[in-house]
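So the structure is just underneath, and the comments pick up after that.
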Amino acid sequence: MTASAATEPRRKSASLISGATGDWEVVIGLEVHAQVNSRAKLFSGASTEFGSAPNSNVSLVDAAMPGMLPVINRECVAQAVRTGLGLKAGINLVSVFDRKNYFYPDLPQGYQISQYKQPIVGEGEVEIDVDGDVIRVGIERLHLEQDAGKSIHDQSPEHSFVDLNRSGVALMEIVSRPDLRSAREAQAYVTKLRTILRYLGTCDGDMEKGNLRADVNVSVRKPGAPFGTRCEIKNVNSIRFIGQAVETEARRQIAIIEDGGRIDQETRLFDPQKGETRSMRSKEEAHDYRYFPDPDLLPLELEQSWVDELAKGLPELPDAKRARFMDAYGLSPYDAAVLVAERESADYFEAVVAGGKAGPVDGKLAANWVINELFGRLNKEGLEIGKSPVSAGQIGAIVGLITSGTISGKIAKDLFEIVWAEGGDPVTIVETRGMKQVTDTGALEKAVDDIIAKNPDKVEQVKAKPTMLGWFVGQVMKASGGKANPQAVNDILKAKLGI
Amino acid sequence: MTELTKLTLAEARKGLVAKSFSAVELTEAFIAAIEAANPHLNAYVLPTPEHALAQARASDARIAAGTARPLEGLPIGHKDLFCTKDVRTTACSRVLGDFKPTYESTVGQNLWDAGAIMLGKLNNDEFAMGSSNETSCFGPVVSPWRRMRNGQADNAKLVPGGSSGGSSSAVSADLCLAATATDTGGSIRQPAALTGTVGIKPTYGRCSRWGIVAFASSLDQAGPIAKTVEDAALMLRHMASFDAKDSTSVDAPVPDYTAALGKGVKGLRVGIPKEYRVDGMSAEAEALWQKGIDWLRSAGATIHDISLPHTKYALPAYYIVAPAECSSNLARYDGVRYGLRVPGKDLIDTYEATRAAGFGKEVRRRVLIGTYVLSAGYYDAYYLKAQKVRTLIKRDFDEAWNSVDVVLTPTTPSPAFAQGEKSGDPVAMYLEDIFTVTVNMAGLPGISVPAGLSGEGTPLGLQLIGKPFDEATLFQAGHVIEEAAGHFRVPAKWWR
């Protein structure tokens with residue numbers, strides 16, 4: 001815990017919680033457990049596939065049969081290194097696997113193989129953006145470890161069952177520094193971390209399947225005071241619950257302290273149904289894990305050249321992509337952030353910008369269309385971007401038609417509806433259905449003349465109040481069935497009305 | 001057919017190749033010998049005669065077809081610490097119950113692939129923890145040797161050493177041509193020394209540990225116990241291999257060790273470490289050591305006094321490292337998935353009842369010691385310090401290799417003792433390993449070669465310690481000692 005944390009300037013998102021004795025600041029650090037994206041387990045060749053029949057993905061090693069030995073899976077190591085590089089962290093060329101000893105039926109070896117003193121990844125950082133403040137969250141370390149199996153207690157009144165499919169699956173434990181100051185910051189951090197992992201392809205981030213879960217360390221203090229005693233809330237498995245758990249736990253701690261009590265360091269569980277945290281075990285009951293280096297495994301030594309190779313193969317990460325979107329396409333920070341939140345959205349956007357046959361289109365307009373029209377519609381229908389009925393090429397074509405003045409924005413929305421419902425090439429649809437914008441000056445002049453002739457009173461009014469022009473534009477547009485080019489209508493009206 | 005059982009592995013191999021007898025005849029001779037002796041010696045915990053005969057028939061077919069493999073048709077015993085596919089494997093512990101592995105250890109598979117025949121599973125100290133083979137859940141193994149006291153034959157049952165006591169007893173009693181064994185702190189060399197047989201613990205990483213029930217992973221190594229140096233060389237050649245399934249296995253070629261035999265020791269530099277002159281060493285062990293020095297010198301070796309200054313810390317450090325690892329390695333025997341389960345009122349109770357009933361006293365003692373030395377607050381004082389000692393012991397040897405090629409020491413401070421003489425005093429028992437544990441701590445190869453008989457007429461051995469992966473030199477020098485000392489066979493098969 002750093003002393004500087006106490007003196008850093010306040011930021012908007014670091015909301016204070018007011019108690020009876022004044023304002024309190026909440027201090028949060030997270031240990032995120034992310035399942036490594038790999039076909040086989042960390043130390044065995046068994047499959048990591050989700051949803052298989054219980055105990056079907058279990059090797060002799062995973063079941064801890066006598067005489068079985070662990071052999072490290074190279075791909076899991078590569079994934080941890082990629083993640084470390086993505087977190088701008090130092091990669092430790094020598095790391096050591098230890099045994100964490102405890103008894104439980106879903107832990108067949110009687111110990112978990114984990115990295116205790118010498119993790120594979122050292123210090124790094126994650127940048128989060130909350131309310132326009134950029135916050136740098138320190139990463140203390142990332143280490144590799146085995147997941148345990150699953151104990152099932154609700155299938156029989158007399159027996160518990162054990163499913164070892166998860167036993168031995170590789171996890172990355174990513175430990176942050178206590179740099180977060182509100183539930184929203186904690187949520188933003190996990191969201192960002194999840195985005196980075198998904199970009200890297202090192203964890204699918206699926207929290208519903210438990211492939212990403214967090215232990216949340218919470219303490220409270222008066223602003224500027226030293227850190228308070230923390231409690232660890234175990235295994236929180238959604239971003240919404242992380243926020244709720246922080247709020248709930250912070251308020252519980254404030255109430256205790258303001259009542260003259262003190263916080264005991266302990267492990268707690270968050271119950272989202274009851275909206276409370278409950279004690280799991282106190283510090284005194286904490287296990288003595290008797291860590292020691294696993295004698296079945298030699299220290300893990302990496303070649304710098306191999307790490308460099310992995311670094312070269314990394315994809316563009318969200319921060320870099322966002323900066324590029326702002327720079328290359330002139331997007332606002334907000335729009336760029338929305339687009340890069342998922343790699344699929346960002347890729348979709350860039351495909352839109354590439355445009356249809358007519359070539360690249362305006363980035364800002366493309367972003368508007370993707371965020372407002374497409375995302376809006378997808379959200380309404382509850383669809384993922386991968387399931388969008390409208391392709392990036394189709395949106396690109398629509399945006400191209402707007403830019404070239406072939407259709408108006410309003411017609412474009414109708415066109416989008418047609419493409420959404422029926423599919424097809426937007427350019428052809430515009431042709432065959434007569435949706436082209438009318439820019440023929442003669443036709444427009446006639447329409448303008450008609451309106452002026454029919455509304456002498458309005459003509460008087462607009463001369464006194466030029467903003468009335470909008471009413472005339474509206475009338476002409478209406479008469480043209482929306483196909484008139486609004487800019488041309490505007491110009492003709494101004495000339496004819498002499499304003 | 002009893003004569004066949006007296007053959008060495010090399011002699012039997014020649015006989016089979018010359019078709020002087022068949023693999024089935026050879027195997028039947030051993031099956032008969034085991035039937036007669038085992039009720040008295042308890043060397044085998046599970047004879048597998050049908051399995052052996054089936055293998056023997058297949059071997060005869062191969063010999064007839066001219067497709068014999070290097071160990072074709074040679075019956076051996078297999079320590080019960082090695083997992084054997086579909087054959088009960090217990091590590092001689094109640095906790096494994098009737099456990100039948102679905103897999104074969106790499107060392108076992110290597111031997112069967114070379115044509116060897118398995119006569120059965122051999123007794124050992126429970127989880128290889130012991131130096132007298134008295135901790136087995138199947139009861140103690142008896143040595144075929146008997147001692148003379150005051151000119152009288154003493155009928156006290158002598159221990160065959162441990163933990164590979166089944167292996168040493170069976171080899172010395174002609175109940176197999178050779179046997180597999182394992183050595184964590186001396187479990188091959190000490191029983192070999194006590195029974196007049198040859199035992200070699202190869203360099204750590206030489207033999208795969210895959211499929212061997214683990215005791216202390218950083219120290220465990222497989223190796224053979226055999227009647228002669230040549231037989232041990234033959235066996236090790238076909239036990240050793242690189243194995244991708246064992247991360248600590250070393251990818252180095254396995255030479256033909258028999259090629260080293262007969263090369264002599266002219267110019268070989270032999271180190272004599274002064275720290276091995278310990279209190280409590282018997283006068284006869286000391287005298288035999290001197291004899292060994294003389295034999296090697298007269299064969300052309302040069303003798304050099306050396307110092308291995310951290311030797312005295314080896315045994316205490318070993319009795320921290322080995323129990324620490326065993327306390328963790330044995331955690332898997334929890335009654336949940338296989339082996340013994342003693343149901344209790346809840347989970348913790350089931351664990352406690354299962355492990356209390358499943359583990360014998362010595363195993364429980366070591367699990368407790370190991371748990372203690374790894375506990376928060378004690379780790380640095382015990383485990384970490386022991387690991388530092390280990391580094392210093394390795395360094396001692398690294399220094400020594402600058403001036404010598406092998407190190408010669410006694411294997412044990414004294415000859416075989418009788419059942420019950422030391423089993424009540426763990427420290428006295430642990431002192432049996434005083435000359436052997438350093439080799440495990442340093443990961444080096446060590447061989448024990450029979451060198452003479454004590455005043456009681458029981459065997460004593462000399463130990464040669466070599467550089468990493470230099471087993472060939474151990475066979476070379478061991479063969480010179482063997483030729484000078486002669487062979488020591490059990491004088492009378494008193495159980496017949």
Side-chain angles (χ1 to χ4, degrees), chain A residues 43-45 55 58-74 96-113 116-117 149 151 153 158-164 167 283-284 286-301, chain B residues 81-83 89-91 93 96 99 101-103 105-106 127 205 208-214 216-220 243-249 321 324-325 327-339 347-348 350-352 355 370-379 383-384 387:
Chain A
F43 296 112
S44 87
N55 295 309
V58 184
S59 75
L60 295 167
V61 175
D62 307 324
M65 302 306 274
M68 291 301 101
L69 300 170
V71 176
I72 188 92
N73 177 343
R74 187 185 177 90
V96 174
F97 285 98
D98 298 279
R99 290 185 184 179
K100 179 180 179 179
N101 296 281
Y102 66 95
F103 284 93
Y104 206 67
D106 62 21
L107 188 75
Q109 295 168 137
Y111 53 85
Q112 176 196 35
I113 305 177
Y116 181 51
K117 284 190 180 158
S151 294
H153 302 297
E158 294 101 31
H159 296 98
S160 287
F161 296 96
V162 177
D163 176 5
L164 296 179
S167 167
K283 196 181 173 188
E284 289 70 35
H287 291 120
D288 181 351
Y289 290 119
R290 291 171 283 123
Y291 282 100
F292 76 108
D294 190 330
D296 286 331
L297 293 161
L298 301 169
L300 181 61
E301 292 182 17
Chain B
L81 217 62
F82 292 82
C83 290
T89 302
T90 67
S93 177
L96 270 154
F99 177 66
T102 58
Y103 47 93
S105 72
T106 299
F127 283 109
S208 168
R209 293 184 296 112
W210 193 88
I212 303 174
V213 175
S217 310
S218 73
L219 302 158
D220 295 345
D243 185 1
K245 291 185 287 187
D246 173 2
S247 308
T248 62
S249 151
V321 174
E325 293 184 13
S327 72
S328 176
N329 281 337
L330 269 53
R332 66 187 57 200
Y333 307 108
D334 56 5
V336 174
R337 297 170 313 288
Y338 49 78
L347 177 66
I348 301 293
T350 300
Y351 282 151
E352 290 178 354
R355 289 167 66 83
T371 304
Y372 178 81
V373 299
L374 289 176
S375 297
Y378 299 99
Y379 179 89
Y383 184 79
L384 206 59
Q387 289 294 13

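Every chain is numbered from 1, with letters handed out A, B, ... down the list of sequences. Quantities reported herein were computed from a predicted structural model and do not represent experimental measurements.
Heavy atoms closer than 4.5 Å to chain A are found nowhere in Ala216(B), neither backbone nor side chain. Proximity to chain A (any heavy atom under 4.5 Å) is shown, for Ser105(B), by neither the backbone nor the side chain. The parts of Arg209(B) that come within reach of chain A are both its backbone and its side chain, each placing non-hydrogen atoms under 4.5 angstrom from that chain. For Asp288(A), the part sitting under 4.5 Å from any heavy atom of chain B is the side chain, from C-beta outward, and nothing else. If you measure heavy-atom distances from Leu219(B) to chain A, you find no contacts under 4.5 Å at all. Contacts between Phe82(B) and chain A at a heavy-atom distance below 4.5 Å are absent for every atom of the residue. The contact between Asn329(B) and chain A is made by backbone and side chain atoms together, counting heavy-atom distances below 4.5 Å.
Per-residue counts of heavy-atom pairs under 4.5 Å with chain B were compared for Tyr102(A), Tyr289(A), Tyr104(A); the largest is that of Tyr104(A). In terms of heavy-atom pairs under 4.5 angstrom with chain A, the leader among Tyr383(B), Tyr379(B), Tyr351(B) is Tyr351(B). Contact count versus chain A (heavy atoms, under 4.5 Å) is highest, among Leu81(B), Asp246(B), Leu330(B), Ile348(B), for Asp246(B). Among Asp294(A), Val71(A), Ile72(A), the residue making the largest number of heavy-atom pairs under 4.5 Å with chain B is Val71(A). With chain B as the partner, the residue from Pro293(A), Pro108(A), Pro66(A) showing the most heavy-atom pairs under 4.5 Å is Pro66(A). Comparing Ser247(B), Ser327(B), Ala91(B), Gly339(B) by how many heavy-atom pairs each has under 4.5 Å with chain A, the most go to Ser247(B).
Put simply, CZ on Arg355(B) and OG1 on Thr350(B) are 13.0 Å apart, with the number rounded to the nearest 0.5 Å.
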> Does the pair Val96(A) and Lys117(A) meet the rule for a side chain to side chain contact (heavy atoms under 4.5 Å, CB included), with working shown?
Replying inline: CA-CA 7 Å; Val96(A) 174; Lys117(A) 284 190 180 158; over 6 Å; no
> Between Met68(A) and Trp210(B), is a side chain to side chain contact (heavy atoms under 4.5 Å, CB included) present by the stated rule, with each step listed?
Replying inline: CA-CA 6 Å; Met68(A) 291 301 101; Trp210(B) 193 88; 3.4 Å; yes
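Judged as a ring pair (Phe, Tyr, Trp, His ring centres under 6.0 Å), and not counting sequence neighbours, Tyr111(A) has no contacts. Checked against ring pair (Phe, Tyr, Trp, His ring centres under 6.0 Å), Tyr372(B) has the following partners two or more places apart in sequence or in another chain: Tyr378(B), Tyr382(B).
Without hydrogens or angle criteria, Ser249(B) side chain to Asp243(B) main chain gives a donor-acceptor distance under 3.5 Å.
Here the closest heavy-atom approach between residue Glu325(B) and residue Arg99(A) is recorded as O-NH1, 4.2 Å.
Looking at heavy atoms from C-beta onward, Phe127(B) lies in side-chain contact with Tyr333(B) at the 4.5 angstrom threshold. You'll find the side chain of Thr248(B) reaches within 4.5 Å of the side chain of Leu298(A), heavy atoms only.
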